[in-house]
Every structure is written in structure tokens, then in C-alpha cells.
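First, the structure itself, so that you have it in front of you.
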Amino acid sequence: MNFRDIAKNSLIQSAFFIYLTYVIVSLFSSVVAEVYYFQFIFQFILDLKFLVVILYCAIQPVTHFNIQRLEKTFIFIMLINIPFVFWQFAGSSSYDFVFATSQHLALLYTSWGGEYARAVGIFWHPG
């Protein structure tokens with residue numbers, strides 16, 4: 001499958017349309033909210049990571065080796081991250097001390113009033 005076949009795929013076209021709509025709304029909200037330049041650039045770079053991942057996955061041939069490599073990478077990340085998530089929930093004060101600048105300190109709020117901690121583990125940002 002080459003790039004032209006991928007570009008003609010209606011599912012991929014829809015995904016890019018949704019992604020571009022998201023980026024445009026993000027840019028518009030940054031302009032309207034009058035955020036600082038650094039915040040704007042930081043959020044824009046975070047938004048671009050999805051595009052990089054989508055493009056990388058779209059051009060990779062689906063082979064047994066690539067699937068095995070993806071599975072091993074996922075298992076490796078989970079084996080490293082799961083103990084840190086347990087540490088975050090079991091010993092939150094020591095975790096908060098070590099990762100004091102992380103985004104895990106912000107809670108997730110539900111519409112029915114629930115508050116949940118972000119299970120970020122070793123990652124700075126859960127997104």
C-alpha cells in the first residue's frame with residue numbers, strides 16, 4: 001500500500017478531517033482566550049503528536065515483524081508504567097514529592113460530581 005492508496009481511503013480522509021477540525025478549534029480557542037505564546041506553542045506541539053503517530057502508522061507495512069515489535073514496545077511501556085501508577089495511588093504523598101511538576105495533580109471531574117486522579121505513572125502528561 002503506497003501513500004496514494006492511503007490518501008484515497010475514506011476512513012483515513014475522515015480521520016484527517018476530524019483531526020484538522022480539532023487543530024483549528026484549538027488554534028481558534030488559543031487566539032480568542034489570549035493565551036501566552038509559550039502556552040500556544042506547547043499545546044500546538046502536543047496536538048501535532050497525533051498527526052506524527054497517524055502518519056507513521058499509515059506508512060508502515062503490516063508485517064509480522066512490525067506487529068511483534070509494536071506488541072513488545074507496548075508490553076515494555078506497560079511493565080515500566082504500571083508500578084508507577086500503583087505507587088501514585090498507594091503512596092500519593094511520596095509520588096507527589098518526586099513528580100511535583102507533573103499534570104497528575106489536576107483531577108478529572110465528571111458531570112455527576114465525581115473526582116478522579118489521573119493515572120499518569122511515569123508520563124508527565126496523560127494525553
Side-chain angles (χ1 to χ4, degrees):
M1 181 179 268
N2 59 29
F3 186 75
R4 288 186 181 161
D5 294 334
I6 293 169
K8 291 179 183 177
N9 186 329
S10 63
L11 183 62
I12 292 176
Q13 288 176 353
S14 299
F16 276 113
F17 176 74
I18 291 169
Y19 172 75
L20 288 176
T21 303
Y22 167 76
V23 169
I24 290 169
V25 169
S26 174
L27 294 174
F28 179 73
S29 68
S30 295
V31 170
V32 171
E34 299 177 9
V35 298
Y36 293 109
Y37 180 72
F38 176 75
Q39 291 173 324
F40 169 75
I41 295 297
F42 184 75
Q43 184 61 45
F44 186 67
I45 290 171
L46 285 176
D47 293 344
L48 287 180
K49 72 180 176 184
F50 298 115
L51 180 63
V52 171
V53 169
I54 289 170
L55 288 175
Y56 178 76
C57 290
I59 63 173
Q60 289 299 311
V62 180
T63 64
H64 182 67
F65 175 74
N66 285 344
I67 292 172
Q68 277 186 328
R69 186 170 55 180
L70 182 64
E71 288 173 350
K72 287 179 181 180
T73 303
F74 179 75
I75 290 170
F76 177 73
I77 290 171
M78 287 298 108
L79 287 176
I80 290 174
N81 198 42
I82 288 173
F84 282 89
V85 171
F86 285 141
W87 178 27
Q88 178 182 354
F89 290 130
S92 61
S93 60
S94 63
Y95 183 89
D96 291 345
F97 178 75
V98 173
F99 297 101
T101 61
S102 179
Q103 288 294 315
H104 75 279
L105 299 172
L107 297 175
L108 298 174
Y109 299 100
T110 63
S111 59
W112 55 88
E115 294 180 355
Y116 300 99
R118 296 180 179 198
V120 294
I122 60 172
F123 300 106
W124 181 80
H125 193 278

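One-based numbering along the sequence shown.
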Is there a continuous path of hydrophobic side-chain contacts, each under 4.5 Å between heavy atoms, that joins Phe44 to Leu51?
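Same cluster: Phe44 reaches Leu51 through Ile, Leu, Val, Met, Phe, Trp or Tyr contacts under 4.5 Å.
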Does one hydrophobic cluster hold both Leu70 and Ile80, with members joined at side-chain heavy-atom distances below 4.5 Å?
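Different clusters: Leu70 never reaches Ile80 through Ile, Leu, Val, Met, Phe, Trp or Tyr contacts under 4.5 Å.
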Treating Thr21 as the side-chain partner and Phe17 as the backbone partner, does any N or O pair qualify as donor plus acceptor under 3.5 Å?
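Side chain of Thr21 to backbone of Phe17: a pair is present.
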Joint cluster assignment, Leu27 & Ile45, ILVMFWY side-chain distance < 4.5 Å
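Hydrophobic grouping puts Leu27 with Ile45.
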Phe16 with Ile24, same ILVMFWY side-chain cluster at under 4.5 Å:
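The answer is no; the residues belong to distinct hydrophobic clusters.
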Return the CE to OG1 distance between Met78 and Thr73, rounded to the nearest 0.5 Å.
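The CE atom of Met78 sits 11.5 Å away from the OG1 atom of Thr73.
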Got a second to check how far Phe74's CZ is from Asn81's CG, nearest 0.5 Å?
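With rounding to 0.5 Å, CZ (Phe74) is 10.0 Å from CG (Asn81).
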Any chance CZ of Phe28 has more than 12 other-residue heavy atoms, nucleotides or ligands included, within less than 6.0 Å?
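No, because the 6.0 Å sphere around CZ of Phe28 holds 12 heavy atoms or fewer from other groups.
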Common cluster, Ile41/Val52, ILVMFWY with side-chain heavy-atom separation under 4.5 Å:
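Different clusters: Ile41 never reaches Val52 through Ile, Leu, Val, Met, Phe, Trp or Tyr contacts under 4.5 Å.
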